[in-house]
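Some notes on the structure that comes next.
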Amino acid sequence: MSLSDHPKAYGSAALAAAFAAGILVTLGFKDFYPDLEQWYQSNKDSSRRRRRAAAAGPGRRRSSFFWGGGAPVQLEDREAEQDPSPTAAALSTSGRGDGSVVASGIEACIGNTPLVEIHSLSAATGRTILAKAEFLNGAGNSPKDRVALSMIEEAERRGLLRPGRGDTIYEGTVGSTGISLATLARARGYRAHICMPDDQAFEKSDLLHHLGADVERVPVAPITSPGHFVNLARTRAAEHERRAADGSRGFFANQFESEANWHAHFSTTGPEIWAQTDGGRLDAFVAGAGTGGTISGVARYLKLEAKLDGLRVVLADPQGSGLYNKIRHGVMYSPTEREGTRRRQQVDSIVEGIGINRVTENLEAGRDLIDDAVKVSDEQACRMARWLVENDGIFVGSSSSVNCVAAVQAAMALPEGSRVVTILCDSGTRHLSKFWKRIKEMGLEEQEATNLFQELGISQPSSQ
């Protein structure tokens, strides 16, 4: 009896033959196209598979032996679809991931922070005010994540740190760098020992303890004193090998003078800002200086590497700091900032993280590129912080607030429509017991501000 006399048998045989042929074709593709194999495993619908293969892009592949000497099979090449623009290239160089879906470790959460417009400031000034949201760095939640990682990687390249040996990273910091170092130290197999002034917000030292760091809160002292928090950290690192009997080493990170600091911002923050402003469409960059690494690194990239000759770089400086006078007048101190006339030895301000009375190596690296400086009072910083919460839902700390006040003043010195970029470097959550406590004491949380210029005590232009 022939198959033709039995339609069901004929149909079954045909289906079996088609199925076998399909298996052979699939195996042929699997042998020669690993990416097709992965695609096949996740898409079992054979008809959809044929349609997608027929409509694939122009990426070239070697033809399968199943197709003899005919034209090579055209498969989809996802790499060819990547954005080749300079903007995409700049962003791709600043990230820590390798482009895969799964990022590798907490280090991959550092960099590529968003650049956001602060709408209330733009509306009030008639200029576009943009802020790099550096508090969204995923390790220590500040721009110091970039610096800490850069310093650790440089120390590892030089053999000063070795994972698994029990090495300890020592640093003198007012908080943010220490938090970033403590986080990354744990991730890379090190310990952290942080020395900080005892007048800093307790949230910072509490967080450091929770991160497993050893913390020394030391009395405020001038930089010339061995008890200054930076000098003490250097001493602790030098004493480490004598005190430790396990063969481990102590590494003094030295954020104020380490070139790895400004290099981190030159190689990541600067290129990101350039890319996020459509290839450098900005008129001013405004930032404060603690170590000076951020403003120097970004200024060097934007002015020297990206060749933005018309860009103005403006220093945001809190009251009590000598850097405003250094940039504006070439001298460090004014009569109110001499030793013995200030309440605090470092900077006579409620602001933490920026402001200093000496020129560090990191600031020196970009000092000649800074065009101007803006002095910001504690009251202005407090009022700006409250304004940002009320009008934009942005909750920041003291140094971010200083940056925003200076950005407004720098913007008003530029033509309408200009674009100004600044840094949101810290969240208000680390400043509750000091900076935000002062804001509450001033009664600002019970007031509703309606005019930005009146709040800041800045003359409002007639055109506004």
Side-chain angles (χ1 to χ4, degrees), residues 93-113 134-196 204-216 230 233-234 236-241 243-269 291 293-294 297 362 425 430:
T93 61
S94 59
R96 292 287 173 177
D98 59 2
S100 62
V101 175
V102 178
S104 178
I106 193 66
E107 296 92 335
C109 299
I110 299 173
N112 287 327
T113 55
E134 285 292 276
F135 65 90
L136 294 180
N137 279 298
N141 309 125
S142 80
K144 297 302 184 180
D145 279 1
R146 302 176 189 264
V147 175
L149 184 57
S150 179
M151 292 190 298
I152 290 174
E153 289 178 337
E154 176 63 20
E156 289 175 341
R157 283 191 292 268
R158 296 170 57 191
L160 302 176
L161 286 174
R162 184 185 302 167
R165 188 170 58 188
D167 294 350
T168 298
I169 301 171
Y170 293 85
E171 183 60 301
T173 168
V174 297
S176 293
T177 304
I179 292 167
S180 296
L181 283 171
T183 304
L184 292 170
R186 284 296 183 185
R188 299 175 83 94
Y190 307 117
R191 302 187 183 99
H193 186 111
I194 305 301
C195 299
M196 63 188 304
K204 297 178 181 179
S205 55
D206 288 346
L207 179 55
L208 284 165
H209 281 299
H210 289 306
L211 289 170
D214 294 324
V215 183
E216 286 188 74
V230 172
R234 181 187 290 107
R236 294 285 187 261
E239 293 174 344
H240 179 96
E241 290 186 44
R243 293 184 289 106
D246 57 1
S248 62
R249 294 184 181 180
F251 168 67
F252 175 49
N254 198 19
Q255 60 165 327
F256 287 90
E257 313 301 336
S258 171
E259 288 191 350
N261 184 337
W262 71 261
H263 276 293
H265 295 291
F266 177 85
S267 62
T268 65
T269 318
T291 63
T294 301
N362 279 283
C425 39
R430 291 184 185 170

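Predicted model only: the values in this text are computed from it and were never measured.
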Would you compute the distance between atom CZ of Arg191 and atom CG of Asp214 and round it to the nearest 0.5 angstrom? 9.0 Å

Rounded to the nearest 0.5 angstrom, the CG-SG distance for Asn137 and Cys109 is 9.5 Å

Salt bridge flag under 4.0 Å for residues Lys144 and Glu134: no

Do side-chain atoms of Ser150 reach the backbone of Ala260 as a donor and acceptor pair under 3.5 angstrom? yes

How close do Phe256 and Val230 get, heavy atom to heavy atom, and via which atoms? CE1-CG2, 3.6 Å

Atom of Leu161, atom of Phe251 and distance for their closest heavy-atom approach: CD2-CB, 3.6 Å

Shortest non-hydrogen separation from Leu181 to Ala253 and the atoms involved: CD1-CB, 4.1 Å

With heavy-atom distances below 4.5 Å as the criterion, would you say the side chains of Ser142 and Cys425 are in contact? no

Least distance between heavy atoms, Ser180 atom then Ala148 atom: CB-CB, 3.7 Å

Any donor-acceptor pair under 3.5 Å from Asn141 side chain to Leu136 backbone: no

Name all residues meeting the side chain to side chain donor-acceptor pair (under 3.5 Å) criterion together with His263; count only those two or more places apart in sequence or in a different chain, and write none if there are none. none

Nearest 0.5 Å, please: how far is CG in Leu149 from CD in Glu107? 6.0 Å

How far does CZ of Phe135 sit from CZ of Arg430, to the nearest 0.5 angstrom? 11.5 Å

Taking only residues two or more places apart in sequence, or in another chain, which ones meet Glu154 in a side chain to side chain donor-acceptor pair (under 3.5 Å)? Arg157

Side chain to side chain donor-acceptor pair (under 3.5 Å) partners of Glu216, counting only residues at least two apart: His193, Arg236

Main-chain N/O of Ser258 paired to Asn261 side chain as donor or acceptor, under 3.5 Å: no

Considering residues at least two apart in sequence or located in another chain, which fulfil the side chain to side chain contact (heavy atoms under 4.5 Å, CB included) criterion with Ala139? Ile106, Ile110, Asp145, Thr183, Leu184

Only distances under 3.5 Å count here; give the side-chain donor-acceptor pairs of residues 205-212 to other protein atoms, sequence neighbours excluded, each with its distance to 0.1 Å.
| from | atom 1 | to | atom 2 | distance (Å) |
| --- | --- | --- | --- | --- |
| Ser205 | OG | Phe202 | O | 3.2 |
| Ser205 | OG | Arg217 | NH1 | 2.9 |

Return a table of donor-acceptor pairs under 3.5 angstrom between the side chains of residues 165-177 and protein atoms on other chains or two or more places apart.
| from | atom 1 | to | atom 2 | distance (Å) |
| --- | --- | --- | --- | --- |
| Arg165 | NE | Asp167 | OD1 | 3.0 |
| Arg165 | NE | Asp167 | OD2 | 3.1 |
| Arg165 | NH2 | Asp167 | OD2 | 2.8 |
| Asp167 | OD1 | Arg249 | N | 2.9 |
| Asp167 | OD2 | Arg162 | N | 2.9 |
| Tyr170 | OH | His240 | ND1 | 2.7 |
| Tyr170 | OH | Arg243 | NH2 | 3.3 |
| Glu171 | OE1 | Asn254 | N | 3.4 |
| Glu171 | OE2 | Asn254 | N | 3.4 |
| Glu171 | OE2 | Gln255 | N | 2.8 |
| Thr173 | OG1 | Gly175 | N | 2.9 |
| Thr173 | OG1 | Gly178 | N | 3.4 |
| Thr177 | OG1 | Gln255 | OE1 | 2.6 |

Which heavy atom in Arg146 sits nearest to a heavy atom in Ala264, and how many Å separate them? O-CB, 3.6 Å

